[in-house]
Amino acid sequence: MVPPQPTPSAAVPSHSYELLDRRVQQWIYEKGWTQLRDAQERAIPVILGGADDVIVAAATASGKTEAAWLPICSALLDHQAEAGVKALYIGPLKALINDQFDRLGQLCEHLSLPAHRWHGDVPGSRKAHMLRNPDGILLITPESLESLFVNHGPALARILAGLRYVVVDELHSFIGSERGAQLQSLLHRVELLLRRRVARIGLSATLGDFTAAADFLRPGRAAAVKVISSDDDNAEIRLQLRGYVDSRPPRNPPPRITTAPLLEPQEPEDASDESVARVAIADHLFSALRGRDNLVFANSKAAVETFTDLLNRRSIANRVPEEFVPHHGNLSKELREHVESRLKDRSMPVTAICTSTLEMGIDIGSVDSVAQLGAPASVSGLRQRLGRSGRRQGQPAVMRLYVTEDEINERTPPADMLRSQLVQTIAMVELLLEKWYEAPDTADLHLSTLVQQILSVIAQRGGAQPGQLFDALCGAGPFNRVDKTSFAALLRSLGRHDVLSQSTEGLLLAGGLGDKIVNNYAFYSAFTSPEEYRLHANGRNIGSLPVDYPIAPGMLLIFGGRRWKIVSIDNRQKVIELTRSSGGRPPSFSGGGGEVADTVRQRMKQIYHSTEVPRYLDQVAQQLLDQGRSAFHRYHLDNEAILDWGNDTLLFPWRGDRIMNTLAATFTSHGLEVGQDGVALTVHGTTGKALQDLIDELSVSQRPSPVDLAAKVPTKESGKYDAFLDEDLLNVAYAARSFDVAEAWSSLKSMTPSRPQS
DNA sequence: GACCTGCTGCGGCGTG
């Protein structure tokens, strides 16, 4: 006799489980789950309610996506008869959408709920099928959703007719960026199209600021967003900060990689001009990481290539398998997928040397340790990187940080004497341990993305009245910080550039240039990308290279962890043909960096003042910290902000980059020549006395308007469509994005010696 | 000294 089967409801006894549809319970039961995870338990009743916007903040691999899908699928089963797509999932990466599609697919199949994915790599036939049979769940990128508005505008209301939920995955990756502004606009336009509100569900593992995240998810109604934060991430953290002193080898003059990305042939062994510190770091990485799975984060693509090459040559010299592989955004999809599959495969140890490409997204499980080469760019990035290790039960998160400072000689500038890279790294580690993260930067007006959205709404509706556009995008929309006057100026500016034209009835249409822009596939993204050459080797595409310096056949190159020689360059097809070689140099990539936060700089000053030595410093790092503190006191930076340095004067405000930028622009507008150099401003050709006089004068003067200050900055274009904006608009945008006049003035006041009232 | 992400529609051709 067969023993009675336990019912699904007996398998996972909990209140939330009981709320789920019987078919979803059945699926959970068949998966063999014995209980729901904390995030799931708490998210299910809220999401099933269907009316609330929700943020689910929980560590990766904590069942966060199921916390959304179990109740969503459960709710959708009640509305299967309705037409149209019922849930949208928006993901920042194609690879993430593919991952989710595979995982969600099992559940959906069990429930007979259709699931579709839509991004650039999905075949047109699948897309056509979705358009004919819109139903179930649609997994899509923001860019592809944009393309639906542009190319299927009239049909979109029908396609999305049954929409009840929008899920935004990796919510943090969108906040504050042009892409985030685009996403907000798309979500708002979906609701305008359907003439009703649709519940939004944001998922993230690293949100530093729930209020900012809620305000991003539902602008203006952040207080109503329900936040489910599941903090069961208490893995032990093991840190080591290793210091290195770089001395140039005795060759004259020392060649510098940054000035000559591709050099003539040279000896294949460790180039004799390779920095002493790099060689020592590579030696340590080789001995510490080999035989295990690790991620090594470098701060640039060039550094990724350099270290992969150094490590591979150590593998060859030691006759051991090559375990070190590069991963960055310019490598071909094939090479990157190869690295990703090697990381997922536990049978062979592998260490990926990477940029931020492996910070988030695809699920590569947990690695044994993480290394950071050079001072981290941000505390939140550091947290994200650390979180890649220690994700298996009972395993600590292990991170080694490698910081290099230059050897001191008679010409060493004060910023290097201060060992500021090391101190910045310590400040960031301390803040990380205190669970502080940078607040997302939401000051930008995103005018470039507003231009894109104006063109998109016009394409969607076949034209629009200026008032309609303002209402749809600015008034109640996500660009609500752009007022009517600025919006009118923006439209006029676009008209002058032939981006927009206006019919005699006042209807706005795309102009000649606007038409070309909308009808090119590059229109759908809100961000720019440089023109690049494809790199071919033996008929295979191995990646791409921005070419903004002279190149010629015969030149050598390190790329994808291997050494190459350029055979030919096809300027028309934009293809560089390569062949294997024994020498080479890593290429140079140009790109923007991050902004060091105010809190980090203020913490740096505290560290200089303190005598405490963090336990995670190795011996060299301790010596470097000691040297930095000695220099700090020797320069009297504990009491003074100004330091005479030859013909120049250095200013140390110990404030974030935005405030430093505001101070620099202020001094420039008073006729001074100012350079921004990490922790210091270098004021050229002036004395400390003269600078102090100016600071005293400024601190009691009226603060300038940020927009007037921006008018004096020569280059202000940064967004994709900034070229179509008039100077006045660029000034407003630049001021919002790059200045903090109030804090800059408070900094000036603090650098004024307090004088007794006479 | 400086990262990452994304991308339509259509015509033409070959194959089952």
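Just so it is clear, the values below take in all heavy atoms, side chains as well, and ignore hydrogens, waters and symmetry mates. Naming: A, B, ... by sequence-line order, numbering from 1 per chain.
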Return yes if a side-chain donor-acceptor contact under 3.5 Å exists between [X] and [Y], otherwise no.
X      : Y      : result
A:Y437 : A:D209 : no
A:E438 : A:S380 : yes
A:T404 : A:Q421 : no
A:R189 : A:S456 : yes
A:N133 : A:H116 : no
A:Q453 : A:S185 : yes
A:T65  : A:R103 : yes

Distance, rounded to the nearest Å, where [X] contributes [atom1] and [N] contributes [atom2]:
X      : N     : atom1 : atom2 : answer
A:D246 : B:dG1 : CG    : P     : 11 Å
A:L183 : B:dT5 : CG    : C1'   : 13 Å
A:N299 : B:dC4 : CG    : P     : 11 Å
A:N330 : B:dA2 : CG    : P     : 14 Å
A:I97  : B:dT5 : CD1   : P     : 14 Å
A:L358 : B:dC4 : CG    : P     : 10 Å
A:E359 : B:dT5 : CD    : C1'   : 13 Å

Short of 4.0 Å, heavy atom to strand atom, which residues of [range] count as contacting DNA chain B?
range                       : value
residues 453-460 of chain A : none
residues 415-429 of chain A : none
residues 438-451 of chain A : none

> A:S356 side chain N/O closer than 4.0 Å to the phosphate oxygens (OP1, OP2) of B:dC4?
Replying inline: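 The answer is no; no side-chain N or O of A:S356 sits under 4.0 Å from OP1 or OP2.
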> With respect to the phosphate group of B:dG1, does any side-chain polar atom (N or O) of A:S300 fall under 4.0 Å of OP1 or OP2?
Replying inline: no
>> Would you say the rings of A:H328 and A:F559 are close, in the sense that their centroids are separated by under 6.0 Å?
In response: yes
> Is it true that the NZ or CZ of A:R179 lies under 6.0 Å from the centre of A:F527's six-membered ring and within 45 degrees of the ring axis?
Replying inline: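 No, A:R179 and A:F527 do not form such a contact.
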> With A:R242, which residues qualify under salt bridge (charged side-chain N to carboxylate O under 4.0 Å, His left out), at least two apart?
Replying inline: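 Not a single residue meets the salt bridge (charged side-chain N to carboxylate O under 4.0 Å, His left out) criterion with A:R242.
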>> Among residues at least two apart in sequence or on other chains, which ones pass side chain to side chain contact (heavy atoms under 4.5 Å, CB included) with A:N661?
In response: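 Once residues adjacent in sequence are excluded, the partners of A:N661 under the side chain to side chain contact (heavy atoms under 4.5 Å, CB included) criterion are A:Q676, A:Y734, A:S738, A:F739.
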> Could you go step by step and tell me if A:H119 and A:S144 meet the side-chain hydrogen bond (donor to acceptor under 3.5 Å, both in side chains) rule?
Replying inline: CA-CA 6 Å; A:H119 58 62; A:S144 285; over 6 Å; no
>> Under 4.0 Å between a side-chain nitrogen and a carboxylate oxygen: does that hold for A:D441 and A:R658?
In response: yes
>> For nucleotides 6-16 of chain B, give me one character per nucleotide, 5' to 3': B if any protein heavy atom sits under 4.0 Å from the base, S if the only such contacts are to the sugar-phosphate, - if neither.
In response: BBBS-------
